[in-house]
Amino acid sequence: MVSIVIGAAGGIGAAFVQALGRSAVGYSRQSEPAIDISDEASIAAVAQLAAKGEAIDLIVDATGFLHGEGFMPEKTFTAIDPAHMARSFALNAIGPALLMKHFLPLLPPDRRSVFVTLSAKVGSIGDNRVGGWYSYRAAKAALNQIMHTAAIELQRKRPQAICIALHPGTVETPLSAPFAKAGLKVRTPAVAVAEMLQVINRLTVADTGKFFSYDGAELPW
Ligand SMILES: NC(=O)c1ccc[n+]([C@@H]2O[C@H](COP(=O)([O-])OP(=O)(O)OC[C@H]3O[C@@H](n4cnc5c(N)ncnc54)[C@H](OP(=O)(O)O)[C@@H]3O)[C@@H](O)[C@H]2O)c1
């Protein structure tokens, strides 16, 4: 079993590396070689390296951006800021798209393999009842569309490969920390990853292109 985790220094990414054990190679902006998803050359270099190794069974994209660098999720459309929105799209949609561009071709043509990108239920348009968080919601919705489109193409080229978007639920990490509030079901990264690995292990080719929650439920677009 060979696994690659990108975003391995993050709360959920580190827990994936831990849970997958010796099978996992983790890449982040701090690893050597490093992956910065806003730098395509760094993605291409790591993919070239991975292509020389053993056949890959699982790739987890655990990167993402909700707040930081002076940006917080917007509570109102009057707070929409082009720099914030561009940053969110760069890190939540375009970066993961480049990971698909360089890593999906590495999936084996002759056996089951899985590519998972961590999305968020707030990216679901059908599930959006409370509004707000324009940049993050829109970028995750774009990510879901990119993943679904790539899965259609992947099915033609790698019929046994599975590509999904996965919502981890609310997890105790730096990303969710400013929004922790009483009554919210917050799980540790270890618990969330154990739940997500159960979902990942049960996936079949019939599931490719779909958007799942950590409990295995399929989420609306
Ligand atoms: N936590 C939750 O409650 C929750 C809920 C729904 C969805 N999610 C999704 O789950 C995923 C993981 O989030 P998390 O909670 O583990 O957050 P996190 O601890 O903040 O991890 C996010 C990771 O993304 C990496 N990243 C950001 N910009 C990058 C770049 N340019 N190149 C490479 N890596 C970059 C960060 O790397 P550095 O370590 O180098 O900064 C960090 O390791 C995200 O997609 C998030 O949207 C989380």
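Whatever order the structure lists them in is the order used to number ligands and atoms, beginning at 1. Just so you know, residue 1 is the first one in the sequence shown, and it goes up from there.
Distance OG1/T204 to CZ/R202: 11.5 Å, rounded to 0.5 Å.
Residue contacts with ligand 1: I37 is placed with a nitrogen or oxygen under 3.5 Å of a nitrogen or oxygen of the ligand (distance criterion only). At a 3.5 angstrom cut-off on N or O pairs, G64 counts as close to ligand 1. No N or O atom of F65 sits closer than 3.5 Å to an N or O atom of ligand 1. Considering both main-chain and side-chain atoms, K140 comes within under 3.5 Å of ligand 1 through a nitrogen or oxygen pair. Note: no N/O pair closer than 3.5 Å links L91 and ligand 1 by distance alone. Where the criterion is an N or O separation shorter than 3.5 Å, residue side chain and backbone included, N92 fails it with respect to ligand 1. At a 3.5 angstrom cut-off on N or O pairs, H167 does not count as close to ligand 1.
Distance from atom 26 (N) of ligand 1 to its nearest protein heavy atom, with residue and atom name: R29 NH2, 4.0 Å. Ranking the protein heavy atoms by distance from atom 45 (O) of ligand 1 puts T63 O, 2.6 Å first. Nearest non-hydrogen protein atom to atom 31 (N) of ligand 1 is D36 OD1, 2.8 Å. The nearest heavy-atom contact from the protein to atom 47 (O) of ligand 1 is Y136 OH, 2.6 Å. At the shortest separation from atom 13 (O) of ligand 1 among protein heavy atoms lies L175 CD1, 4.0 Å. Of all protein heavy atoms, the one lying nearest to atom 15 (O) of ligand 1 is T173 OG1, 2.6 Å. For atom 3 (O) of ligand 1, the closest heavy atom belonging to the protein is V171 N, 2.8 Å. The protein heavy-atom contact nearest to atom 21 (O) of ligand 1 is G10 CA, 3.5 Å.
Distance alone, capped at 3.5 Å, places no donor-acceptor pair between the E172 side chain and the P189 backbone. Side chain of H167 to backbone of K121: a donor-acceptor contact under 3.5 angstrom is found. In this structure, R111 contributes its side chain and Q160 its backbone to no donor-acceptor pair below 3.5 Å.
In this structure, a donor-acceptor pair under 3.5 Å is absent between the side chains of S176 and T170.
Of all the heavy atoms of Q30, the ones lying under 4.0 Å from any atom of ligand 1 belong exclusively to the side chain.
Those atoms of ligand 1 with a heavy atom of A9 less than 4.0 angstrom away are 39 (O), 43 (O).
In this structure, L66 has no heavy atom closer than 4.0 Å to ligand 1. Within the structure, ligand 1 lacks E172 among the residues with a heavy atom less than 4.0 angstrom away. In this structure, G169 is part of the shell of residues with a heavy atom less than 4.0 angstrom from ligand 1. At least one heavy atom of S119 sits under 4.0 Å from some atom of ligand 1.
Residues S135 and M85 approach most closely at OG-CA, 3.3 Å, considering heavy atoms.
A salt bridge is defined here as a Lys NZ or Arg NE, NH1 or NH2 lying under 4.0 Å from an Asp or Glu carboxylate O, and D57 with R112 fails to meet this definition. A salt bridge links E69 with R87: the closest approach of a Lys/Arg side-chain nitrogen to an acidic carboxylate oxygen falls below 4.0 angstrom.
The closest heavy-atom contact to atom 23 (C) of ligand 1, among the options G95, G13, A62, A139, comes from A62. Residue G11 holds the heavy atom nearest to atom 19 (O) of ligand 1 of all those in S38, A8, G11. In the candidate list T117, L99, I35, D39, I35 is nearest to atom 33 (C) of ligand 1, counting heavy atoms. Of the listed residues (G68, A120, A177, P168), the one carrying the non-hydrogen atom nearest atom 8 (N) of ligand 1 is P168.
Residue I200 is grouped with residue M1 when hydrophobic side chains (ILVMFWY) are merged at heavy-atom distances under 4.5 angstrom, including chains of intermediate members. No continuous path of ILVMFWY side-chain contacts below 4.5 Å connects F71 to V122, so the two sit in separate hydrophobic clusters.
Remark: R158 fails to qualify as a cation-pi partner of F115 under the 6.0 Å distance and 45° angle criteria applied to the six-membered ring.
Counting heavy atoms from C-beta outward, N128 and R137 have side chains that approach closer than 4.5 Å. Using a 4.5 Å cut-off on side-chain heavy atoms (C-beta onward), L66 and W133 make contact.
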- Message: Between S119 and F211, does the side chain to side chain contact (heavy atoms under 4.5 Å, CB included) criterion hold? Intermediate values first, please.
- Response: CA-CA 8 Å; S119 185; F211 180 22; 3.9 Å; yes

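When each of I6, T117, L118 is paired with T63, the side-chain contact (heavy atoms from CB on, under 4.5 Å) condition holds for I6 and for no other.
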